Amino acid sequence: MKDITLKIDGMTCASCALNIEKALKKIDGVENSSVNFATESGTFSVKDDIETEQLIKEVTNSGYSAYLPSEGKAKSEAFPFYKPIVSLSISLIVFLFAMGPAKHLVSKQTNWFLQWALITPIFFWIGIQFQKAILIFLRSGISSMNTLIGFGTAAAYYYSTYITFFPESSIKLGLNMHVYFEAVGFIISFVFLGKFFEEKAKKKARSELDSLLRLSTKSARVKRGDDFLEVPLEEVKKNDIVRVKPGEKIPVDGDIIEGRSDVDESMLSGEPLPVSKTVGHKVFAGTINGQSVLTFKAKKVGSDTMLAGIVSFVENAQQSKAPIQLLADKVSSVFVPIVLVCAALTFLGWYYFGPEPLWGNALSSMIAVLVIACPCALGLATPTAVVVATGMASKRGLLIGGGEVIEKGSDIDTIVFDKTGTLTYGKPFVSKVVLENDVNEEDALLAVASIESFSEHPLSKAILNYAKEKGISPGFPESFEVVSGKGIEATFQKEKYLIGSRSFLEENGIQCGAEVLELGSHIFISQSSKFVGVIIVDDKVKEESKPTIEKLKSDNVTPWLISGDNNATVTSVASELGIMNSIGECLPVDKAMHIEKFKTEGKKVAMIGDGINDAPALAKADLSLAMGTGTDVAMDASDVVIIDGDISKAEDFIRLSRRTMTIIRQNLFLSFVYNILLIPLAAGVFYPIFNWTFPPILASVAMGLSSISVVSNSLRINGFFNGTR
């Protein structure tokens, strides 16, 4: 047994993925078939004797194209925005000739020729995919919403074209002398506009892994003989001796054998404070070395590094996400054959049992059935609601991927928060200064700020900001030396200062007094071998965090806090915010595993974060939200971006999703009512009783009314944020 992964082009709706899965499952030797519409890829578990070419051939026979990811084919832009704009513009001009003020500018025949000339490019250029759907259906029996759109627009176009070019023959056949070119244009335009937004969401998903891969370096400084040489990253082997200079990215995972430094591991833990590293400690690829040289032995290289593991985890999570089958696509597989059968029966019924002219009445009634069954409203039901909802959301600082994202948001019952940068600001600040009784605070702060002004440590900025708030301007130390991984040794105003960890001061024979119980990073200070005090640097909880948590709980959404920070800090923040469930000291993959566990328990899980370390969890969650103030990787991995980092918008999104899905379900109901109830009328069920038929022109009007009702209902979403929800 082996797995074969293919990239697949040509899918235009979620049911396309399902159609490909079904087609390949029919091949003897294909045990499992999984196609992902969002990432445009498929993974197939097959027996060893199945060749890749056989799978590609079957995909091609189904009306799509496939190739191996390694071939790296450039994908053309399938749904450029100018196409629906051009289509809508031309359709509006045609409408003016069909029913507007331009109707009587020229003769009827010239008018029809003009409409035909304008609509033909739309039908064969922009709408070509719908015509291809007819060929796929005729060849393989595979149908989608595109198939219905194809039959409906083709019936209207060819019927109108025949009348335009052969008016005398049309009259003899008894055809209704009315063209439907404007209907062709509007149907193609509106459906295409909805597909454009779907394609944007798919592109976003495809760009995510590129952001992760940019975190790695392309080379490493490796010991070769007695010297350290720059070599390509792929040449680094396990147990090689690697050296990184201050400020450089660490190329592979390893164990430190020489040096002390502070390493920025925020990409793994999400915490802004650097981690002190010395001999025996582990370092990880993609993290950033601090102010000193580190030498380490490579332990994990290439695909074994933690960064590569994160990339792989995100990729697998994206691939495993089943495409959401929208109701319209699910129904279409049954609806298409039913409509075609109804149209055929209508033609035969009128031809064999109807009055003269047989051809005219039979064709006219059949066209009426196809036109009224054309799912314009069905096609608009989701995209119009999505367009309105995403437009409203963007004005509120929410960027939403599309209809599938909104559908996922409406079902959420559990939301997992990262801590730093999400519930807190992610910027260290001085929360407390604890000094000995005989120490003057202003003098102590002046000395510490003056010394810290020469340091590049992230905590130094917090101390300098605090001193500035107190109106203290730093001076200049006479001497300054960084003791790597421990602190600073400096002289200011002829006094010797030690600033750093408790262990640093105690190693120099200074007793630091009783433990300070406050949470945060503790910076100990001594002056001329005498303990001065401690400065506590912490992170601050956002003002909107607690009200947001309360609103989510009132909406029956259970909050969790899962963070890479230590358990004590995580528990404290959770308690402050009223979050009953919290987990600390989690690596990126740990977060994702917790989310996977929630999902196996039947929960619908949302994840909200802002860092690289959140990317696997964001990819694994049913719904992912990223802070726009965070990293590109987190935003690329997410379904929703909160532009200004205001987490109250997460609660707004869940409520908006629920409201939008209610509107979409109403839209689908309205469109089905029009289609299902009016098809019998178009077929002529009232003719034997009332001698009345339903001509195509009325079918076109009814179809238009169904679209108007759907659009009008969707516009009610505009009231969501102004109190008329």
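Given the structure is predicted, the values throughout are model-derived calculations rather than measurements. Excluded from the calculations below are hydrogen atoms, water molecules and symmetry mates; all remaining heavy atoms, backbone and side chain alike, are included.
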Item to check | Test ring-ring contact (aromatic ring centres under 6.0 Å, His included) applied to Phe130 and Tyr157, step by step | outcome: CA-CA 13 Å; Phe130 305 124; Tyr157 176 81; over 10 Å; no

- Would Phe123 and Tyr158 satisfy ring-ring contact (aromatic ring centres under 6.0 Å, His included), going step by step from the backbone distance to the final call? CA-CA 10 Å; Phe123 183 75; Tyr158 290 115; 5.6 Å; yes

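Between the side chain of Lys299 and the main chain of Lys282, no donor-acceptor pair closer than 3.5 Å is present. Of the possible donor and acceptor atoms, one in the side chain of Asp622 sits under 3.5 Å from a partner among the backbone N and O of Val605. In this structure, Thr120 contributes its side chain and Ala117 its backbone to no donor-acceptor pair below 3.5 Å. Between the side chain of Ser624 and the main chain of Ala621, no donor-acceptor pair closer than 3.5 Å is present. Side chain of Lys599 to main chain of Lys620: a donor-acceptor pair is present (N/O by atom type, distance under 3.5 Å, no hydrogens or angles). Side chain of Asp240 to main chain of Lys237: a donor-acceptor pair is present (N/O by atom type, distance under 3.5 Å, no hydrogens or angles).
By the 4.5 Å heavy-atom criterion applied to side chains, Ile4 and Thr43 are not counted as neighbours. Contact check for Leu233 versus Val252: side-chain heavy atoms found under the 4.5 Å cut-off.
Ion pairing between Lys47 and Asp28 fails under the 4.0 Å rule for side-chain N and carboxylate O. A salt bridge is defined here as a Lys NZ or Arg NE, NH1 or NH2 lying under 4.0 Å from an Asp or Glu carboxylate O, and Lys597 with Glu601 meets this definition. Between Glu58 and Lys26 there is no salt bridge, since none of the side-chain N atoms of the basic residue sits less than 4.0 Å from a carboxylate O of the acidic one.
Summarising the local packing, NZ of Lys604 is surrounded by 12 or fewer heavy atoms from other residues, nucleotides or ligands at distances under 6.0 Å.
A side-chain N or O of Glu230 and one of Ser219 form a donor-acceptor pair less than 3.5 Å apart.
Closest approach of Ala154 to Gln131, counting heavy atoms only: CB-OE1, 3.6 Å.
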